[in-house]
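Worksheet: one structure, shown below.
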Amino acid sequence: MCDHAHEIPAYDAQAIEEKWMKSWEEQNLFAVDTDSTKPKKYVLEMFPYPSGDLHMGHARNYTIGDAMARQARMRGYDVLHPIGFDAFGLPAENAAIKHNTQAAAWTYKNMDQALATMKRMGFSYDMDRLVKTCSPDYYRWGQWIFEKLWERGLVYRKKNPVNWCPKCETVLANEQVTEGRCWRCDSEVEKRDLEQWYIKITAYAQELLDDLEKLPGWPERVKQMQANWIGRSEGAEVDFTLCDVDGNPIEGDEGKITVFTTRADTLFGNTFFLLAPEYKGLMDLVEGTGYEAGVREVVEGAKHISAVERAQGTLEKHGAFTGRYVINPVSGAKVPVWVADYVISDYGTGAVMAVPCGDARDFDFARKYDLPIVPIILSEDDPLYEDLKDEQGTRVTSVDWDEALTCEGKLVQSGKYTGMTGGKHSEGEAAIVADLEAAGTGKRSVQYRLRDWLISRQRYWGNPIPAIHCEHCGIVPVPADQLPVMLPENLDLTAGETLAECRDFYETTCPVCGAPARRETDTMDTFTCSSWYYLRYTDPHNTELPFSREAANRFMPVDNYIGGIEHAILHLLYSRFFTKALRDMGLLDVDEPFTNLLCQGMVKDENGDTMSKSRGNVVPPSSVIEPFGADTMRLAILFIAPPEKDFDWDPKAVEGANRFIKRAWRIVWQLAETAGDAASLDKVALSKPALELYRERHRTLAKCTEDFDRGQFNTAISAMMELVNAASAYINVVPAAERDAALTALVACDIVSVLAPICPFACEELWHAALGREGSVYTAPWPEFDAAEAAADEVEIAVQVLGKMRARVMVPAGADAAVMQAAAEAAVAKHIEGKTVVKAICVPGKLVNLVVK
RNA sequence: GCGGGCGUGGCGGAAUUGGUAGACGCGCUGGAUUUAGGUUCCAGUGGGCUUUCCCGUGAAGGUUCGAGUCCUUUCGCCCGCACCA
């Protein structure tokens with residue numbers, strides 16, 4: 001038992017945390033120093049939606065960011081670490097109706113509650129930069145940016161089949177539909193043909209894809225997900241010529257139907273031609289013919305396929321012959337035109353050349369409707385190959401296969417291309433595309449799966465789209481000097497009132513001609529608000545612009561961005577697009593907003609289940625803060641697992657964290673008792689145990705610092721524990737009177753400093769009370785260390801014989817290979833007895849491996 | 001189907017470039033302090049005939065003086081996208 005325990009003040013987390021919470025706020029300690037000449041570091045956590053109080057996921061997210069921010073401050077950076085709220089959104093409307101209040105009131109109340117919890121957790125935010133997206137100061141600039149995009153042709157309106165969520169009563173963007181269901185409420189989405197507002201994100205598809213390579217600090221899987229979502233395909237557009245009802249080709253543009261294909265090499269295998277049910281002009285082809293009824297049936301049937309069924313991928317294919325034919329521009333074949341419900345209308349051209357021999361879907365369709373299957377790519381060991389390799393054999397137009405052949409091989413039955421290799425980017429493909437281009441019937445083309453971003457929402461609690469519908473002038477933007485279009489905060493949602501029914505809102509005059517006009521009553525997708533908030537933080541009070549170029553350039557890009565994987569596509573893709581678009585408007589000079597991305601894992605309950613209100617298994621942060629304090633909460637969260645991994649909540653781990661803080665607290669106080677002037681440390685005069693502690697201090701500090709840089713808090717904390725253990729061992733073996741005053745001062749300061757980013761309250765208290773320092777520990781520098789100082793005079797090396805561990809032996813530090821080998825051979829004498837050492841591999845300071853015969 | 005990731009003690013997890021597997025913590029066992037519980041401190045804790053011997057990183061091969069780490073095959077689990085021509 002330690003000899004001075006009675007003198008050490010108890011660790012009273014609640015009192016300490018209350019005290020420093022107030023003090024930091026009064027000092028405004030975490031404000032950015034705008035005059036600083038220090039290098040900047042921008043640490044950002046994804047801002048929350050204020051749906052109530054913070055949960056464990058938030059606590060984890062912000063603790064990670066806060067530890068990074070506090071440590072960066074101590075390492076000498078000018079740190080921008082702001083917070084705000086993604087405050088618009090549908091849950092506020094639903095809650096307002098449920099609680100008979102207003103969306104604004106509910107939102108503001110929740111934000112206040114969340115802010116109180118953030119303060120209680122000790123997060124070091126620059127509160128002067130607080131951003132709330134529902135504030136007119138903020139959304140004004142969202143409208144301004146919208147109009148700038150509009151000016152540049154990046155905003156447009158289009159009537160199109162769109163995703164409609166019947167529960168949320170609004171349309172959704174493609175990114176907001178998962179397996180046919182609404183991302184927010186999980187309802188099955190419906191297709192509706194509506195005129196809506198779009199942002200032309202596809203204009204940036206290629207750059208969004210290419211620049212993923214500029215993001216080595218992003219998780220590979222997130223980049224992969226974005227690349228898949230953008231979905232670039234290289235291929236060719238090929239023009240087919242439609243025949244009239246009598247089978248005569250229709251010359252000119254009238255008769256041209258273009259398809260996109262990645263497999264131009266398979267054009268000779270094309271035995272039928274498909275149009276999507278939504279293909280424009282489809283019904284004109286069959287109107288008044290005997291095929292009209294059959295086609296109409298497929299078109300109507302397709303409307304009833306839900307996106308959920310589609311997502312299952314097991315749908316039976318339906319189709320109908322249109323009675324028409326097209327001429328294949330390469331083979332010259334006349335092939336029948338069908339409508340098929342597996343053709344997607346908004347990818348490529350909505351028309352497809354079917355190649356049943358090599359495409360599983362076309363194969364299924366051909367089997368079902370008894371259409372010919374012409375083999376055109378065969379491997380050379382295929383029984384058919386000999387017959388078909390030189391165009392001499394009998395033409396084969398049907399096969400007995402059970403499924404399409406997707407193997408590599410050579411082209412057969414392909415005219416002059418026969419014998420070339422087939423496949424994507426193959427010899428055959430290149431030759432055919434070259435000939436198409438020469439003939440003017442085709443060209444190279446690239447398609448993306450990425451669709452334009454549908455941003456209008458038929459909802460109230462959002463940023464109003466700043467547009468006016470005038471009978472005479474069409475749709476015109478609200479003049480910039482009239483922004484923002486203010487969102488009324490007094491709608492009676494309980495009575496079902498919407499913006500479209502709010503006369504005070506929508507009645508206006510046309511800014512061009514002055515005639516009475518109607519204001520647009522759709523609001524913007526909330527993801528538009530979150531696509532640029534990180535820029536507003538750099539200049540939050542600007543009344544002339546969303547942010548100044550100087551401020552943005554000073555802090556951007558965000559160095560460390562921390563948030564959940566659920567935004568891998570949505571928010572992160574939209575934000576990348578906004579950054580690029582704003583760059584092209586000359587508003588800032590970076591290409592990418594977030595240099596390093598950390599996707600933190602989820603916090604599950606003790607059984608590994610997701611915490612949710614409906615399950616009733618939510619562990620609120622208060623359940624830890626109240627008994628143990630915020631420092632324990634923070635330490636437990638960071639120590640239990642690496643930040644990017646999911647972890648199951650474990651009350652025992654919380655107790656362990658609390659135990660460590662108390663232990664560190666006690667050790668620091670004990671060290672402080674004998675602490676003198678750390679600067680007077682004389683390494684030569686240190687006793688053996690003191691020297692050991694001294695070395696351990698350099699070793700653990702090096703490890704800890706490196707782990708902070710890697711964002712590996714769990715191992716950084718392990719290193720801190722080792723340092724505390726080393727200090728404890730020193731105290732246990734050396735009586736107080738004999739302890740080195742400089743060393744104890746140094747190590748006490750070390751422990752407090754390295755733990756400070758993680759347990760800020762306890763460390764700030766120790767800094768003042770135990771160490772007697774003036775000023776905050778966060779204005780003090782990070783401890784200096786030298787990994788070379790950790791080296792002992794002697795090191796233990798491993799001795800292996802033929803790769804098997806046989807002994808461990810001490811050798812002088814820096815011993816050369818000969819010395820190491822001699823020591824090793826002596827240590828394993830009995831294992832090498834009677835054998836010859838033919839080779840010795842010596843890894844300095846680590847091991848010797850003896851190869852014997 | 002396509003793409004990505006992961007398999008290490010009773011548990012969470014270490015091992016940064018191939019070089020002493022299991023750091024650190026939880027739990028457990030024993031001891032000290034204590035009236036007791038709690039706290040704290042000390043020691044131990046991968047498995048195996050308990051003895052300096054063998055086996056051990058999902059499984060099987062391979063490369064290497066040496067493999068948790070690299071290669072091939074395979075099994076199991078997780079995530080993302082999905083009728084994208």
Side-chain angles (χ1 to χ4, degrees), chain A residues 1-2 5 178-179 219-229 231-233 235 259-263 266 274 276 305 310-317 340-344 346-355 358-362 364-365 406 447-450 565 568-569 636 639-642 645-648 650-657 659-660 662-663 666 700 703 706-707 709-710 712 714-722 724-725 728-729 731-732 796-809 838-852:
Chain A
M1 188 66 212
C2 54
T178 323
E179 293 190 352
E220 207 50 49
R221 63 175 169 151
V222 173
K223 288 189 280 186
Q224 203 68 52
M225 282 163 73
Q226 291 214 353
N228 289 345
W229 188 261
R232 181 189 154 100
S233 277
V259 299
F260 172 75
T261 178
T262 57
R263 295 296 302 277
T266 64
L274 301 170
I305 300 174
R310 212 172 252 280
Q312 315 268 309
T314 51
L315 278 179
E316 185 177 339
K317 296 169 175 56
D341 61 2
Y342 68 96
V343 179
I344 294 163
D346 64 353
Y347 182 77
T349 61
V352 171
M353 65 154 194
V355 183
D359 182 285
R361 297 155 301 174
D362 297 342
D364 290 347
F365 194 82
T406 49
Q447 291 289 323
Y448 301 90
R449 300 160 87 136
L450 182 68
I565 188 72
I569 293 171
F639 184 57
I640 195 166
K645 275 203 71 166
D646 290 355
F647 71 77
D648 299 345
D650 179 5
K652 284 289 182 194
V654 176
E655 288 174 32
R659 193 176 304 153
F660 173 65
K662 289 194 283 190
R663 180 169 157 84
R666 201 171 49 244
T700 52
K703 166 101 176 102
E706 195 180 322
D707 285 347
D709 290 342
R710 291 196 299 156
Q712 295 295 305
N714 57 329
T715 50
I717 293 164
S718 301
M720 294 174 203
M721 289 173 168
E722 289 179 82
V724 169
N725 289 345
S728 172
I731 288 167
N732 283 333
E796 189 187 66
I797 61 165
V799 182
Q800 297 179 341
V801 178
L802 290 170
K804 282 200 179 274
M805 273 294 301
R806 290 302 179 193
R808 297 187 167 102
V809 65
V838 293
K839 195 175 172 191
I841 289 104
C842 295
V843 183
K846 291 237 162 145
L847 66 68
V848 175
N849 186 10
L850 300 172
V851 184
V852 296

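The structure displayed is predicted, hence computed values, not measured ones. Protein chains get the first letters and strands the later ones, always in sequence-line order, with residue 1 at the start of each.
No donor-acceptor contact under 3.5 Å links the side chain of A:Lys652 to the base of B:C11. Within 3.5 Å, no donor on the side chain of A:Asn228 pairs with an acceptor on the base of B:C81, nor the reverse.
Close to B:C41, at under 4.0 Å from its OP1 or OP2, lies a side-chain N or O of A:Arg666. For B:C41, the OP1/OP2 oxygens have a side-chain nitrogen or oxygen of A:Arg663 closer than 4.0 Å.
You'll find that the side chain of A:Lys804 is closest to B:C55, out of B:G4, B:C55, B:C83. Looking at the side chain of A:Asn725, the nearest of the listed nucleotides B:C24, B:U20, B:G19 is B:C24. Between B:A14, B:C42, B:C83, one nucleotide has an atom nearer to the side chain of A:Asn732 than all others, and that is B:C42. The side chain of A:Arg806 lies closest to B:C54, out of B:C54, B:C83, B:G12. Comparing B:G4, B:C26, B:A82 against the side chain of A:Trp229 picks out B:A82 as the nearest. Among the nucleotides B:U20, B:A23, B:C65, the one closest to any side-chain atom of A:Asn849 is B:C65. Closest to the side chain of A:Pro642, from the set B:A14, B:G4, B:C55, is B:A14. Which of B:A14, B:C83, B:G4 sits closest to the side chain of A:Thr715 comes down to B:A14. Closest contact between the side chain of A:Arg659 and the listed nucleotides B:C54, B:C26, B:A14 involves B:C26.
What you find for A:Ala636 and A:Val654 is that their closest heavy atoms are CB-CA, 4.1 Å. Between A:Thr349 and A:Phe260, the shortest heavy-atom distance links the atoms OG1-N, 4.1 Å.
With a cut-off of 3.5 Å on both pairing distances, the Watson-Crick or G-U wobble partner of B:G27 is B:U45. Across all strands shown, B:G1 forms a Watson-Crick or G-U wobble pair with B:C81, both key distances being under 3.5 Å. Base pairing of B:A32 is made with B:U40, judged by Watson-Crick or G-U wobble geometry with both donor-acceptor distances under 3.5 Å. With a 3.5 Å ceiling on both atom-pair distances, B:U52 lacks any Watson-Crick or G-U wobble partner. Across all strands shown, B:G22 remains unpaired; no Watson-Crick or G-U wobble contact has both distances below 3.5 Å. Base pairing analysis places B:G7 opposite B:C75; the two distances defining the Watson-Crick or G-U wobble pair are each below 3.5 Å.
When each of A:Leu847 and A:Ile717 is assigned the nucleotide of RNA chain B bearing its nearest heavy atom, the one mapping closer to the 5' terminus is A:Leu847. Between A:Gly656 and A:Ile569, the residue anchored nearer the 5' end of RNA chain B, judged by the nucleotide with its closest heavy atom, is A:Gly656.
When rounded to the nearest whole Å, the span between OH of A:Tyr342 and P of B:G1 equals 20 Å. With rounding to whole Å, A:Asn714 atom CG is found 14 Å from B:A23 atom P. As a whole-Å value, the separation of A:Met805 CE from B:A67 P is 13 Å. Between the P atom of B:C65 and the CD atom of A:Gln800 lies a distance of 13 Å, rounded to the nearest Å. One atom, NZ of A:Lys662, and another, P of B:G38, lie 14 Å apart when rounded to the nearest Å. Taking atom CD1 of A:Ile841 as the reference point, atom P of B:U20 lies 14 Å away to the nearest angstrom. Between A:Arg449 atom CZ and B:G80 atom P there is a gap of 16 Å when expressed in whole angstrom units. Between A:Met721 atom CE and B:G13 atom P the separation is 15 Å, expressed in whole Å.
Nucleotides B:C6 and B:G22 have their P atoms positioned 23 Å apart, rounded to a whole Å. Taking the P atom of each, B:A21 and B:C53 are spaced 15 Å apart, rounded to whole Å. Separating the C1' atom of B:C75 from that of B:C11 is a span of 24 Å, rounded to the nearest Å.
For B:G47, the O4'-C1' to base torsion is more than 90° from 0; the nucleotide is therefore anti.
With contacts defined as side-chain heavy-atom distances shorter than 4.5 Å, the pair A:Arg663/A:Asn725 qualifies.
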Could you give me the CA-CA distance, side-chain angles and deciding distance for A:Val809 and A:Ile797, then say whether side-chain contact (heavy atoms from CB on, under 4.5 Å) is met?
-> CA-CA 5 Å; A:Val809 65; A:Ile797 61 165; 3.6 Å; yes
